[in-house]
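Report on the following structure.
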Amino acid sequence: QLGERAKVADIEILALSHSAFAINILAEIAGCEDTLFEIMQSKHPQLRVNAAIALLQRKDVRCLPVITEILFSQSSGLNIEMHTSLGRTHRAFKLLFSNEPKEKKQVQLRLSNAFRELFLRKIMYLGEKHFLAIAAKIFHKQEQALIPITINLLKNLRTEKALALLKEQTQKLGAPLIRDYANLALFSLREKGPYKERVFKSIKRLQHTPIRLQNYVPAIDRKAIQGYTLSAQEKSQLLLDTLQEIAFLQSKESIEWVL
């Protein structure tokens with residue numbers, strides 16, 4: 001046990017000496033939360049990011065200020081990436097601007113969104129109050145790339161407060177993506193209200209939408225019109241998600257709509 005504690009102390013020293021790889025190792029070790037919180041106060045963005053992600057892994061709510069910055073960093077043109085040590089035995093995160101060609105930049109954006117979705121899922125384990133606060137902020141800022149996953153998580157949470165937040169979004173002005181997904185979620189939960197009619201109305205609007213799922217660049221490249229219109233990919237994904245939910249009804253009406 002003394003030997004194990006000494007090893008942990010050595011890792012903490014490395015982490016405090018600005019090793020992002022050591023910081024990530026601490027995410028797997030109980031009792032190092034205060035060290036991670038100390039590192040999170042650093043002015044070095046990469047250290048702050050890795051310490052916050054490690055604290056999130058430890059289910060420590062003190063991570064939230066920096067994790068929130070990460071969730072909304074894409075609007076500033078920042079991506080989050082993972083890099084490994086030379087021997088590929090250790091890993092750490094980077095928050096950086098992309099200067100890559102357009103095609104590679106699109107891949108980076110998709111990977112970055114995948115990490116953001118992962119962090120959002122982990123926030124649920126910090127407690128409903130914290131998750132609902134983040135979800136409300138995502139809706140308020142219309143963080144388009146996180147809208148579908150946020151609404152899906154609220155649907156799965158299915159608490160009174162989660163449902164109330166969903167219902168608030170069903171008539172949100174200037175935010176068709178939020179409205180449509182919120183109505184779809186409440187429809188799939190069989191909540192009482194006009195949700196079925198709204199979903200079928202949405203299908204009529206989207207039924208001639210061509211399916212475009214490749215080479216999607218999130219709303220960051222459409223900042224001037226963000227929220228007020230749907231991109232081709234957003235329309236395609238919304239249509240597919242809607243048809244999937246309707247198919248689950250397995251009724252004559254739903255089959256006719258899918259066909």
Side-chain angles (χ1 to χ4, degrees), residues 1-98 107-135 137-138 143 145-146 149-150 152-154 156-157 159:
Q1 291 182 347
L2 288 174
E4 290 298 322
R5 285 200 293 270
K7 289 179 182 178
V8 172
D10 288 342
I11 296 171
E12 286 185 298
I13 290 171
L14 283 173
L16 289 165
S17 300
H18 300 175
S19 169
F21 295 126
I23 292 171
N24 269 274
I25 293 173
L26 293 182
E28 307 296 330
I29 303 174
C32 298
E33 290 82 2
D34 288 343
T35 299
L36 289 169
F37 181 69
E38 180 181 343
I39 297 170
M40 201 179 77
Q41 312 312 309
S42 170
K43 293 182 180 180
H44 193 295
Q46 309 302 350
L47 298 179
R48 293 177 69 243
V49 164
N50 280 278
I53 294 171
L55 277 176
L56 178 61
Q57 182 74 14
R58 299 301 315 157
K59 299 182 177 65
D60 190 314
V61 297
R62 291 179 292 179
C63 71
L64 282 174
V66 177
I67 292 296
T68 302
E69 290 178 22
I70 295 171
L71 290 177
F72 294 97
S73 60
Q74 195 177 86
S75 59
S76 302
L78 286 167
N79 291 327
I80 185 160
E81 296 183 355
M82 182 179 287
H83 66 111
T84 58
S85 60
L86 290 177
R88 296 189 176 277
T89 54
H90 302 297
R91 63 184 184 178
F93 290 94
K94 276 186 176 181
L95 201 60
L96 70 167
F97 288 99
S98 176
V107 175
Q108 289 178 329
L109 285 168
R110 288 196 291 270
L111 291 173
S112 184
N113 281 335
F115 282 125
R116 287 183 171 89
E117 289 184 5
L118 174 64
F119 301 152
L120 189 59
R121 290 178 187 276
K122 288 182 178 292
I123 289 173
M124 290 190 71
Y125 295 103
L126 301 181
E128 181 183 5
K129 177 181 73 173
H130 300 296
F131 176 72
L132 291 180
I134 294 292
K137 190 171 183 179
I138 288 170
E143 193 71 17
L146 294 177
I149 182 65
T150 301
N152 190 53
L153 292 173
L154 286 169
N156 293 338
L157 190 57
T159 63

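- Atom-to-atom distance recorded for R91:CZ and N24:CG is 7.0 Å, nearest 0.5 angstrom.
- Rounded to the nearest 0.5 Å, atoms NE2 (H83) and NZ (K94) are 5.0 Å apart.
- A search for ring pair (Phe, Tyr, Trp, His ring centres under 6.0 Å) contacts involving F37 returns nothing, not counting sequence neighbours.
- With sequence neighbours excluded, the residues forming a side chain to side chain contact (heavy atoms under 4.5 Å, CB included) with A20 are N50, A92, listed by chain and number.
- Qualifying side chain to side chain donor-acceptor pair (under 3.5 Å) partners for T35, counting only residues two or more places apart in sequence or in other chains: E12.
- Considering only residues two or more places apart in sequence or on other chains, E28 meets the side chain to side chain donor-acceptor pair (under 3.5 Å) condition with none of them.
- Note that the CG atom of L109 and the OG atom of S112 stand 6.5 Å from one another [nearest 0.5 Å].
- By the side chain to side chain donor-acceptor pair (under 3.5 Å) test, Q46 pairs with no residue at all, sequence neighbours left out.
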(request) Under the salt bridge (charged side-chain N to carboxylate O under 4.0 Å, His left out) rule, what do E69 and R48 come out as? Steps first, then yes or no, please. (result) CA-CA 11 Å; E69 290 178 22; R48 293 177 69 243; 3.3 Å; yes
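- Under the salt bridge (Lys or Arg N to Asp or Glu O under 4.0 Å) criterion, E117 pairs with no residue at all, not counting sequence neighbours.
- Pairing each heavy atom of R116 with each of L78, the nearest pair is NH2-O, 3.1 Å.
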(request) Just do the side-chain contact (heavy atoms from CB on, under 4.5 Å) check on E143 and L71 with the steps written out, would you? (result) CA-CA 9 Å; E143 193 71 17; L71 290 177; over 6 Å; no
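- The two atoms that bring A54 and I23 nearest to each other are CB-O, 3.8 Å, heavy atoms only.
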Indicate every side-chain donor-acceptor pair of residues 121-132 with a distance under 3.5 Å to a residue at least two apart or in another chain.
{"from": "K122", "atom 1": "NZ", "to": "Q57", "atom 2": "OE1", "distance (Å)": "3.2"}
{"from": "E128", "atom 1": "OE2", "to": "T159", "atom 2": "OG1", "distance (Å)": "2.4"}

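- For the side chain to side chain donor-acceptor pair (under 3.5 Å) test, no residue two or more places apart in sequence or in another chain qualifies with S19.
- Applying the salt bridge (charged side-chain N to carboxylate O under 4.0 Å, His left out) test to every pair with at least one member in residues 34-44, sequence neighbours left out, gives these pairs: D34-R62.
- A side-chain donor-acceptor contact under 3.5 Å links S17 to the backbone of I13.
- Rounded to the nearest 0.5 Å, atoms CG (L146) and CG (L120) are 6.0 Å apart.
- Contact annotation: the side chain of N156 approaches that of N152 to within less than 4.5 Å [non-hydrogen atoms, C-beta and beyond].
- A tilted orientation is assigned to the rings of F21 and H90, their planes being inclined by 30° to 60°.
- Expressed to the nearest 0.5 Å, how far CD1 of I138 lies from OG1 of T150 amounts to 3.5 Å.
- The distance from atom CD1 of I80 to atom CD1 of I53, rounded to the nearest 0.5 Å, is 4.0 Å.
- The shortest side-chain heavy-atom distance between C63 and R58 does not fall under the 4.5 Å cut-off.
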